[in-house]
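What follows is a short report on a single structure.
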Amino acid sequence: MIRSHHSPKPENAVTIAVSSRVLFRTDKEQKVYEQQGVEEYLQYQIEHENEPFAPGPAFPFVKALEAVNTRLRELYPQSEELFDIVLVTYNHAHVGIRLINTINHHNLFIERFCMTGGSNPIGYLKAWHTNLYLSADANKVREALAEGIAAATMFMPEKLTEVSESQLRVAFDGDAVLFSDESERIFKAHGLDKFFEHERENEDMLLDHGPLKGFLETLGKLQKKFYAKGQRLDCPIRTFLVTARSAASSGIRALKTLRAWGLEIDEALFLAGAPKGPMLEKIRPHIYFDDQMFHVEGAAEMGTIAAHVPYGIAQKHPHKKSSSVGK
């Protein structure tokens, strides 16, 4: 396959590191590894290296990133401010042939590979100036977050909702994702009334930043490149805030914080504790980030590709199904 353009330099690009287990479906291979061990696994991969993997949960997201890059190159032919996708895998280099064959089969533009042969990839992520890391391994995601890298654990939804091929749609929860977990801590410790009181008293006090604020910032910078060319209404990036906060009692602080950061969210949905799944089904994001597995599971049940951000107080006190009001 002939490549017509080069990968941007990591310091100029928006680097998205994706593990092979979320970009492709590798369930069968994972079972071989778990049940028969590493040698049989490697042998299996070599024997099947001409069979491409099927798309995994991160696949539509990566395709949408590439669609944005196509539009950016049309408007700014010389610019390296583009998404750069790095495939990160703990696999041995032997498996690389099957991965390259799969990438070519699906016509993906991924030139950077990081095959660590079982060693920890976190150091490499820092060297790549990674803006977002998506993995199936929750422990590695926690390590990345601890190092200040935006990261999330991805899950395959039970059914797949069709998503746009021409517009990247990214949805974020608020507390402990874009914002810190400060308000969430008040809710967990003192209940909903105290949470509302705290938010009203502090509505002019900015929330501290959460682990994915930087990623929203990079999306905003790219959006502005389209706005500068008069393409606000035809922008191939759209962002959403989907929060269980209620607008009247705790929404002002969230919106004031985003405005003070200079960040525009295209759509903000304050659900006041209503389930997020039905709204996300309408939004059809390529990815939805939430810090609570309760919401991730609810989204995935309805066909949304959801990613868990294991950050903040909610990891110590997971939500019960009956009380999804706090954030």
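All values reported here derive from a predicted model rather than from experimental measurement.
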Q. Below 4.5 Å, heavy atoms only, C-beta onward: do V18 and V62 meet side chain to side chain?
A. yes

Go through N202 and E182 one step at a time and tell me if the side chain to side chain donor-acceptor pair (under 3.5 Å) criterion holds. CA-CA 11 Å; N202 291 281; E182 167 212 325; 5.4 Å; no

- Message: Pair R21, D137 - check salt bridge (Lys or Arg N to Asp or Glu O under 4.0 Å), show working.
- Response: CA-CA 9 Å; R21 281 173 58 199; D137 186 332; 5.2 Å; no

| task | Could you walk me through whether S119 and T116 pass the side chain to side chain contact (heavy atoms under 4.5 Å, CB included) test, one step at a time? | result | CA-CA 5 Å; S119 68; T116 69; 3.5 Å; yes

- Hey, is the main chain of L132 close enough, under 3.5 Å, to the side chain of T130 for a donor-acceptor pair? no

Output for pair (C114 SG, N91 CG), nearest 0.5 Å, gives 11.5 Å

Is the count of non-hydrogen atoms from other residues, nucleotides or ligands lying under 6.0 Å from E34 atom CD greater than 12?
-> yes

So CG of N104 and CG of L99: to nearest 0.5 Å the spacing works out to 11.0 Å

Handout entry: Ionic contact status for E267 with R238, cut-off 4.0 Å
Key = yes

* Verify, without hydrogens or angle tests, whether H286 (side chain) and S164 (backbone) share a donor-acceptor contact under 3.5 angstrom. => yes

Here the gap from I186 atom CD1 to D181 atom CG, rounded to the nearest 0.5 Å, amounts to 10.0 Å

Could you please spell out the steps behind the salt bridge (Lys or Arg N to Asp or Glu O under 4.0 Å) verdict for R232 and E264?
CA-CA 12 Å; R232 182 181 281 267; E264 288 183 44; 3.1 Å; yes

With D27 as partner, the option from K31, Q30, R25 fulfilling side chain to side chain donor-acceptor pair (under 3.5 Å) is R25

Check: So, do W261 and F179 have ring centers that fall under 6.0 Å from each other?
Finding: yes

Do the side chains of E197 and K194 get close enough for a salt bridge, i.e. N-O under 4.0 angstrom? yes

Report task. May I ask you to check whether E81 and N12 show a side-chain donor-acceptor distance below 3.5 Å? Result -> no

field: E80 side chain vs K9 backbone, donor-acceptor pair below 3.5 Å
entry: yes

Carboxylate-amine/guanidinium contact E147 K126, below 4.0 Å: yes

- Query: Is the NZ or CZ atom of K28 positioned over Y33's six-membered ring, under 6.0 angstrom from the centre and within 45° of the axis?
  - Reply: no

When you measure from the centre of the six-membered ring of Y76, is the NZ or CZ of K225 under 6.0 Å away and within 45° of the axis? yes

For K224, the salt bridge (Lys or Arg N to Asp or Glu O under 4.0 Å) test, sequence neighbours excluded, returns none

Whether the side chain of D266 engages the backbone of T239 through a donor-acceptor N/O pair (distance < 3.5 Å, no angle test) should be reported. yes

E29 meets the side-chain contact (heavy atoms from CB on, under 4.5 Å) criterion, sequence neighbours left out, with T26, Y41, Y44, Q45, F53, R98

Salt bridge check, K229 against E74: does any charged N sit closer than 4.0 Å to a carboxylate O? no

Are Q231 and R71 linked by a side-chain donor-acceptor pair shorter than 3.5 Å?
-> yes

Rounded to the nearest 0.5 angstrom, the CG-OH distance for D173 and Y288 is 4.0 Å

Ion pair E199/R245, N-O distance below 4.0 Å:
yes

### Cationic N near anionic O, under 4.0 Å, K188 to E184
yes

Distance col, row H190:NE2 vs F187:CZ, nearest 0.5 angstrom, shows 12.5 Å

Can I get a per-line list of side-chain donor-acceptor pairs under 3.5 Å for residues 306-316, giving both atom names and the distance, sequence neighbours left out?
from	atom 1	to	atom 2	distance (Å)
H308	NE2	D291	O	3.0
H308	NE2	Q315	OE1	3.3
Q315	NE2	D291	O	2.9
Q315	NE2	Y311	O	3.1

Assess whether a salt bridge exists between E203 and R253, defined as any Lys/Arg side-chain N lying under 4.0 Å from an Asp/Glu carboxylate O.
no

- Message: When you measure from the side chain of T161 to the backbone of G303, do you find a donor-acceptor pair of N or O atoms at a distance under 3.5 Å?
- Response: yes

Taken to the nearest 0.5 Å, the spacing of K140 NZ from S135 OG works out to 8.0 Å

**Ring centres under 6.0 angstrom apart (F59, H106)** = yes

